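Notes follow the structure.
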There are 2 protein chains.
Amino acid sequence: MGSSYVTLEQVAQHAGVSLATASRVINGSTRQVSQRLRDKVNASAEELGYLANASAQTLARNSSSLVGLLVHDIADPYFSSIARGVTRQTEEQGLVTVLGTTHRSAQKESTILAALRAHRARAVVLVGSRSTDEDNNARLVREIEAFQEQGGRVACVSQPGLPADTVSPDNQTGASELARHLIAQGHRRFAILAGPTNLSTARERLDGFHSALSTAGLELEHHNIVHGDFTRDGGYESTQRLMRLGTDATCLFAVNDVMATGAMAALREAGIRVPEELSVAGFDDIPTLRDLTPALTTVRLPLERMGERAALMALEADHEGGPRTVNVQGEVLMRESTRPPADHTG
Amino acid sequence: MGSSYVTLEQVAQHAGVSLATASRVINGSTRQVSQRLRDKVNASAEELGYLANASAQTLARNSSSLVGLLVHDIADPYFSSIARGVTRQTEEQGLVTVLGTTHRSAQKESTILAALRAHRARAVVLVGSRSTDEDNNARLVREIEAFQEQGGRVACVSQPGLPADTVSPDNQTGASELARHLIAQGHRRFAILAGPTNLSTARERLDGFHSALSTAGLELEHHNIVHGDFTRDGGYESTQRLMRLGTDATCLFAVNDVMATGAMAALREAGIRVPEELSVAGFDDIPTLRDLTPALTTVRLPLERMGERAALMALEADHEGGPRTVNVQGEVLMRESTRPPADHTG
DNA sequence: CTAACCTGGGAAAGAGTTTTCCGGGGGATC
DNA sequence: GATCCCCCGGAAAACTCTTTCCCAGGTTAG
């Protein structure tokens, strides 16, 4: 045992050159080094099994090869799909991904951002709906700016309005189009599992859906909107609540697939058949949930690509101008979980 | 703009003490510092917004707060469930998780392990079935040992036989018990989606299932064993292959839930009803897949806890003796996707 | 022929912590 | 009142790398 580290100095000695020259060879610096020495140094490094000490490099360069990835819950397939895209991109660039899970705690978020700052992370990708809590939001903005002042880059997925590059699905349009499709199917009375009231994603989808109904001259009654957790269990409970209160809706829109899954489970338990008695639609098209039966009508988002794109933006050379925004359009997928309502003739 | 870092020296000056004293206060060193100076230093650090430079610490201590987590694919819910457990544990200890995804490439695995070594990562958790490829295996063992010689700790999930602490499900027993339950239901002829031939997990589950059949005096015909990818699509394709070849099985055992999902999709498309015409069973009890219909008969593994446990072992104080192994027992869950075969009377 | 220039390589100064080693001062003991 | 300790604070080395500055030697231009 014992730390048998090979340092650059040892490589240099072995190659019979100075430390500086060895460094120049190893990281292909601006300055030229003769081919002869270059070969010698590389051979020595190879022979001794040299592996540069990353912390020393970070200290000297004041920038590391770490890229932060912040999600609420890595076991949630929405986040893990995006995470896959992010890691694909970072690993392609030879960078190392740091995974931080916040579980929707502002405090954990702060802690992780501080750690990334301490590590001189090169960039961070923030994933997940932005809360509308003002205090919390101000804190996040401060932390992002602190990170940026250190020379770090920040990109967000689904968190518009922050001082950083953003990849954002067009939730409003997606939900509106979905609503139009459902209206075209003959639905007139809707119930909505709207998720938490303070998440922008949930609100945008609700708004988009709502506005399409308004445009079509349809009401959305207040008691048909149920708020709850953005999770499978949240959807399950919200649906039970909805059923307890009674609803005359012919179609249930859950603002994400995960909640829709819980909804379908609750309906199944209650003996309500989908889509015969009630249509159900979701949002996201989570890959893992594509095999539910009936297949879920939803709005497809290219989650993995969104993650990839965000990472790419965060890692691109510095660009001029303010933060950029990439808008991603969803694609409505009408599948088995929705059909014209029973009383619909047409 | 520009790097406005607060260094420990500045904190020390502001507090009117030496650098060493400040350091001792900040990281509660062994040596005592009077309460008066202690307060002064802490106040100064707070006031200046001091954040220790992690790379400098790593360089000085020769050990970082990084913990590696290697999985094949973070979007696979099997891995993301385990990842959740790992991050829960690491974050509780104030450590930072580095996520590496190998996509079953030995080369990527090497690259990431080298990066973790370069960063003086404190520990690494390797998740995922170990390939039986001898060369690759030898390489992995060498890399693990190199990591350990540096003072890093290694723990594995589902990778028995490596020179490291291991959390391993008892695949054999789980599969055997599942088989016994299915036999008790009346099944006599089985087909198996056996996954890749060279993954220990897949093989153990196949073996366990097989041996239970043998014990019961049942044959497992060769043409009823299909190998394929350990993924949803692998299960889908394997099932199609099985159907093309024709099978007289009354029960299909997919060696993991993800493949079982693909199998159910293929069967549904082919118009074969589950469980009326064919029973289907899986393994793992992936949380995200619990809402499939019919609900999948499977063997539950506490995936999140397994990840947590592995991280815990990797982070515990050094212990004497060789690598430890924790065996995890699965629990057979008979659900809707299996039932006595149609021709079964009793 | 000399001055300016260019090229390649070496010495050394950081980068920010931790930690060891010393020394000084104060308290306790006799 | 002196001696021995102990306690606490400070100076400095170490950790490994990057990068700037400088110098030697050779080349080109005037």
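The structure presented is a predicted model; accordingly, all values stated were derived computationally and were not measured. Chain letters run A, B, ... following the sequence lines, proteins first and then strands; every chain starts at 1.
Within the 4.5 Å cutoff, the side chain of B:V6 has no heavy atoms near those of the B:L51 side chain. Residues A:V67 and A:V124 fail the side-chain proximity criterion, which asks for heavy atoms closer than 4.5 Å.
Side-chain atoms of A:R24 and base atoms of C:dG10 include a donor and an acceptor less than 3.5 Å apart.
Contact annotation: A:Q57 does not reach the phosphate of D:dC17 (side-chain N/O to OP1 or OP2, under 4.0 Å). Distances shown here put every side-chain N or O of B:T21 at or beyond 4.0 Å from the OP1 or OP2 atom of D:dC8. A close approach under 4.0 Å does occur between a side-chain nitrogen or oxygen of B:S23 and OP1 or OP2 of C:dT18. Remark: B:Y50 is in phosphate contact with C:dT17, judged by side-chain N or O atoms under 4.0 Å from OP1 or OP2. Within the 4.0 Å cut-off from OP1 or OP2 of D:dT18, at least one side-chain nitrogen or oxygen of A:N27 is found.
Both B:A20 and A:R120 lie near DNA chain C, and the one whose nearest nucleotide falls closer to the 5' end is A:R120. Looking at which nucleotide of DNA chain D each of B:A56 and B:L19 is closest to, the 5′-most match is held by B:L19. Both B:L59 and B:L37 lie close to DNA chain D; mapped to their nearest nucleotides by heavy-atom distance, the more 5′-ward contact belongs to B:L37.
Atom CZ of A:R36 is separated from atom C1' of C:dT7 by 15 Å (rounded to the nearest Å). As rounded to whole Å, 13 Å separates atom P of C:dT18 from atom CD of B:E9. As a whole-Å value, the separation of A:L8 CG from D:dA14 C1' is 17 Å. Between the P atom of D:dT16 and the CD1 atom of A:I26 lies a distance of 16 Å, rounded to the nearest Å. Rounded to an integer number of Å, the gap from CD of B:Q150 to C1' of D:dT16 is 14 Å. Distance, A:Q35 CD to C:dG8 P: 12 Å, rounded to whole Å.
Remark: B:R153 CZ is packed, more than 12 non-hydrogen atoms of other residues, nucleotides or ligands lying under 6.0 Å away.
Here the nucleotide nearest the side chain of B:S34, chosen from D:dG9, D:dG10, D:dT16, is D:dG9.
Taking 4.0 Å as the cut-off between side-chain N and carboxylate O, A:E316 and A:R324 count as a salt-bridged pair.
A cation-pi contact, defined as under 6.0 Å to the ring centre and within 45° of the axis, is absent between A:R142 and A:F147.
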